[in-house]
Every structure is written in C-alpha cells, then in structure tokens.
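Here is the structure we will look at, set down as structure tokens.
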Amino acid sequence: MRLLPEPGPSRTLALSTLVNTVGRGTWLTASALFLTRSVGLSVAQVGVALTLTALVSLVASTPMGYLADRLGPRGLQMAALLASAACTVALVTVRSFSGFLVVGMLMAVADAGTRGARGALIAGAVPPDQRVRTRAYLRAVTNVGISVGTVLAGFALAADTRGAYVTLILLDAATYVLAAAVLLRLPPVPPMPAPAHGPRLIALRDRPFLAFTVLDGLMSMHFSLINIALPLWIAGHTTAPNWLISVCLLVNTVVVILFQVRASRGTEDLTGAGRAARRAGVLLAAACALFAAGGGGVPVAVAVPLLLAGALVHVVGELWHAAAGWGISFGLAPAHAHGQYQGAYGMGMQLGSMVAPVVVTTLAIGWGVPGWLVLGVVFLLLGTLVPPVVRWAARTRPPAPEPVPAAAG
C-alpha cells in the first residue's frame, strides 16, 4: 500500500498537504497551553474565541468556495495559505482576548478559503474517476502530518517556555509558505465563468444537497466519540486502564493511514457512495453498542477487548463515512461550481464539530449505557437516510448534454 499517489497532480496535492499538516499538528497540540500560559487567556476565553472563529469559518465556507470557482482554485489556495502564514505569525503579537479574536477570525476566513479551493482544485486538476481516491490519499497524509507535528510539539510542551511555543508557531507559519510553494508545481486550473442568469450561491439553494450536508455533518459527530467521549468513558466509567485511551487513538490513526484509500473504492459514483454511508451508520451504531458493553462493572479482561473492538469497528465506519461524503459532494456538484459546493459540504462538517462535544458528552457520559445506545440509533438512522436523499438529489440534477458527433474525416 502506497502513502503517496502516482506522480502528477494528486501527488503534488498530497505533498503540499503533508507539509502543511505537520505545522497544523504542532499548533493543535500546543495551542491551548500557549494561549493560557503564555498569552494569559482564561480557559473560558479560549473556548468562546474558538467557538466564534468556528462560526466565522462556517459562514465564509461557501462564499470562499465561490471565489475559488470564479478566480481559479490554485491561485486562491496559495493566497489562502500565505494569509494563514501571516495570521499565524501574528499570533506571536497577541496579548489579549480581543487580539486573539481578531487574528482568529482572519485565520478562520483564510482556512475557509483553503478548504473551498482544495475541493475545486481536486475537481479541476484530477480526472473525475480519481477525485475520491485523491481525497482519500489527502486524508491519509493528513493523519501522518498531524502525527509528526504532535511529536514535534511534545518537545515544546516539555520545555513549557514562551520561546518554545513561539518556535512552534513560526514552524507552523513556515509550513503554510512551503505548502503554497509546492502548489507551484501544479498546472493552473482555469476559473469557471459564472452563469449568465440566476443566483450566484446556488449551493445554498440546492435543497437536496443541503439535506445531505446536514445528514453528513451530524454523522460526523462520531469523530468526537473517539476524541472526547471514549477517553472520558474509559477513564471514569470502565475498569479498563487509562493507557487503553492511547491505544484506541493509535488504532484509529494507523487504520486511517493504511486503509483510507482502499476504503474509498466503489464510492466514485452516487449509488456506491450512498451504500457506503449506510454501511458507515451500521458500523458506528455497532461501535456505540460495544463501547456501552465495555462500561460499568465489566471485568478488565472483558472490558479491554470490547473497547478495542469498538474502536476498530468505529474506525472502519469512519473510513466509509469519509469516502461516501467525498463521492456524493463531488457527484452532485455542477462542473462550474465545485468550489462553492465543497465549501457548503464543509459547512456540514463544521456544524457537526460544533454540536458534537455537547451531544456526545451529554449522552455517552451523562446518560451512560442508555446514552451510548441512543447515539448508536442516531448514527444508524442518519446512515439509512443518506441513500434516499442522494437519490432525491440525483433526480434534481440537470440532464447531461448529448454528445456531439465527431465530424466526418
């Protein structure tokens, strides 16, 4: 199994992503301590600022995707990466809540531009039958990059000095610049002309696509199961040792790196992607049941295998959910609007990430075993609803133009 795709646009995109996510991993790991210990913000202030910046990113996603379609996705992607580098350097100057809020909101807009442009760039530079596979490669290298960044951040966390945190921030900024430079190897993707008539942000008027976006975004709450709910469940509600938390997270990361590309097979068309979403819902429900079964007073010898099995079943569902979302979001987007449709698709993921912490902790930790089972039913229902919504969306697409016969001779 290859980590990088064959030489060409897909490999260039993968290398750019790998470089950028190394820096992202350092920031994700050290950001909370930098903001509280070095800047002096309270935990509550950090939480409020991150929520507000997430809202800005959500609102900006579709408009930035529209700009990627109109201006050309490679240019906007590079501009957004360079803007992110500038905002990251500006973090060094932050000394107050208001200062962090301003920098964070600017960074959120740049991040929205990066996401929208990435989808349009893949659609424009990669053949249609390779788009989902390319997204799978990008997700695999993202996990590698973040893992490497996390290890690098560990040295700064051990030092716990402002100088160490500033070094990580500057490293993160450098990866943005280098990631943009790598994209120079990619041929420019020409901008798509706007339709002569009708609304500009058509993705926000596409009701079946928005219905899929909401379903997919709510299903993405499962990411918080493994990152938030399961660690709290293992530490406070099972007899399993706490080191099992790290093992479950490691299982998730390794499986995504090794098998995301393979799991994307068969999701290039809408029918196959819809089936993958339904299978993902079934597996996520099964994972919730296994996590519930490993709680309470179950002996350690029983709890550990059940929780590990739940983590393994969960990550397989995660692989299918991700691949299904890529296949559907590419398959439903008009050729001239891939950027804004990818931006709108990203809004669903952001919605899920915003509501997930409250939902999963309330149900899984607050309600215990019944809450885990309720979550399982929710995921099962969401996955079951995706195929009929996708069929509805497919029926509303305009018919493909008839092929023009080649001229004789």
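For the single chain, residues carry numbers from 1 onward in sequence order. Remember, predicted model here, so these are calculated numbers, not experimental data.
- Annotation: the span from T62 atom OG1 to Q342 atom CD amounts to 10.5 Å, rounded to 0.5 Å.
- The closest side-chain heavy-atom distance from V19 to T175 is below 4.5 Å.
- In this structure, the side chains of V261 and R139 stay at 4.5 Å or more apart for every pair of heavy atoms.
- Between the Q77 side chain and the A117 main chain, no donor and acceptor come within less than 3.5 Å of each other.
- For the pair D160 (side chain) and A156 (backbone), a donor-acceptor distance under 3.5 Å is absent.
- Looking at every heavy atom in both residues, V89 comes nearest to A173 through CG2-CB, 3.6 Å.
- The side-chain heavy atoms of M64 and V109, taken from C-beta on, include a pair separated by under 4.5 Å.
- Nearest heavy atom pair, residue G327 against residue L270, reads O-CD2, 4.1 Å.
- L52 is not listed as a side-chain neighbour of V56, based on a closest heavy-atom distance of 4.5 Å or more.
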Exercise. Which is it for L249 and N227 under the side-chain contact (heavy atoms from CB on, under 4.5 Å) test, yes or no, and what are the steps along the way?
Worked result: CA-CA 8 Å; L249 293 173; N227 295 323; 3.9 Å; yes
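- Interatomic distance, CZ of R131 versus CD1 of I122, reported as 9.5 Å (0.5 Å rounding).
- With D172 contributing its side chain and T26 its backbone, the two residues share no donor-acceptor pair below 3.5 Å.
- Side-chain contact of E318 with N252: a donor-acceptor pair under 3.5 Å is present, judged by distance alone.
- Judged by distance alone, with hydrogens and angles left aside, the side-chain atoms of T362 form no donor-acceptor pair with the main-chain N or O of V359 at under 3.5 Å.
- Using bins of under 30°, 30° to 60° and over 60° for the plane-to-plane angle, the ring pair F212/Y345 lands in the parallel bin.
- Heavy atoms only, all atoms of each residue included: A273 and I328 are closest at CB-CG1, 3.5 Å.
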Problem set entry | Chi angles and distances behind the side-chain contact (heavy atoms from CB on, under 4.5 Å) call for V304, L244 | CA-CA 8 Å; V304 170; L244 187 64; 4.1 Å; yes
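- A side-chain N or O of R162 and one of S38 form a donor-acceptor pair less than 3.5 Å apart.
- For the pair I202 and Q340, the minimum side-chain heavy-atom distance is below 4.5 Å.
- When only modelled atom types and interatomic distance are considered, R135 and S264 share no side-chain donor-acceptor pair under 3.5 Å.
- To the nearest 0.5 Å, atoms CG (L382) and CG (L215) are separated by 6.0 Å.
- Using a 3.5 Å distance cut-off with no hydrogens or angles, the side chains of S57 and Q350 do pair a donor with an acceptor.
- The NE2 atom of H321 lies 5.5 Å from the CE atom of M219; values are rounded to the nearest 0.5 Å.
- Judged by distance alone, the side chain of R278 and the main-chain N or O of V386 form no donor-acceptor pair under 3.5 Å.
- Side-chain contact between T36 and V46: present, with at least one pair of heavy atoms (C-beta onward) separated by less than 4.5 Å.
- Side-chain atoms of Q45 come within 3.5 Å of backbone N or O of S42 as a donor-acceptor pair.
- Side-chain atoms of W326 never come within 3.5 Å of backbone atoms of A136 as a donor-acceptor pair (strictly under, hydrogens ignored).
- Between L121 and L186 the shortest side-chain heavy-atom distance falls below 4.5 Å.
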For this session: Evaluate the ring-ring contact (aromatic ring centres under 6.0 Å, His included) criterion for residues W367 and W372: first the C-alpha distance (whole Å), next the side-chain angles of each, then the deciding distance (0.1 Å), finally the verdict.
Result: CA-CA 8 Å; W367 292 15; W372 279 107; over 10 Å; no
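- Residue R207 qualifies as open at atom CZ: its count of foreign heavy atoms under 6.0 Å is 12 or below.
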Problem set entry | Intermediate values then yes/no, side-chain contact (heavy atoms from CB on, under 4.5 Å), V315 and F259 | CA-CA 10 Å; V315 73; F259 296 106; over 6 Å; no
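- Residues passing the side chain to side chain donor-acceptor pair (under 3.5 Å) test with Y176, sequence neighbours excluded: none.
- The CD1 atom of I146 sits 9.0 Å away from atom OG1 of T253, with the distance rounded to the nearest 0.5 Å.
- Here C288 contributes atom SG and H222 contributes atom NE2; the two are 10.5 Å apart, rounded to the nearest 0.5 Å.
- Listed here is the closest heavy atom pair of A30 and L168: CB-CD1, 3.6 Å.
- Panel note: side chain T239, backbone V298; a donor-acceptor pair is recorded below 3.5 Å.
- Between the side chain of S16 and the main chain of T12, no donor-acceptor pair closer than 3.5 Å is present.
- Taking both residues in full, the closest heavy atoms of T396 and P208 are given as OG1-CG, 3.6 Å, listed atom of the first, atom of the second, then distance.
- In this structure, D69 contributes its side chain and G339 its backbone to a donor-acceptor pair below 3.5 Å.
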For this session: Decide yes or no on salt bridge (Lys or Arg N to Asp or Glu O under 4.0 Å) for D206 and R397, but give the supporting numbers first.
Result: CA-CA 10 Å; D206 190 336; R397 302 303 98 173; 2.8 Å; yes
For this session: Apply side-chain contact (heavy atoms from CB on, under 4.5 Å) to the pair L55 and M354, showing each step before the final yes or no.
Result: CA-CA 9 Å; L55 285 172; M354 289 174 62; 3.2 Å; yes
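- Residues V132 and R265 fail the side-chain proximity criterion, which asks for heavy atoms closer than 4.5 Å.
- Other residues, nucleotides and ligands contribute at most 12 non-hydrogen atoms within 6.0 Å of the CZ atom of R24.
- Every residue meeting the side chain to side chain donor-acceptor pair (under 3.5 Å) condition with S96, not counting sequence neighbours, appears here in chain and number order: S98.
- Across L332 and Y341, no two heavy atoms sit closer than the pair O-CE2, 4.0 Å.
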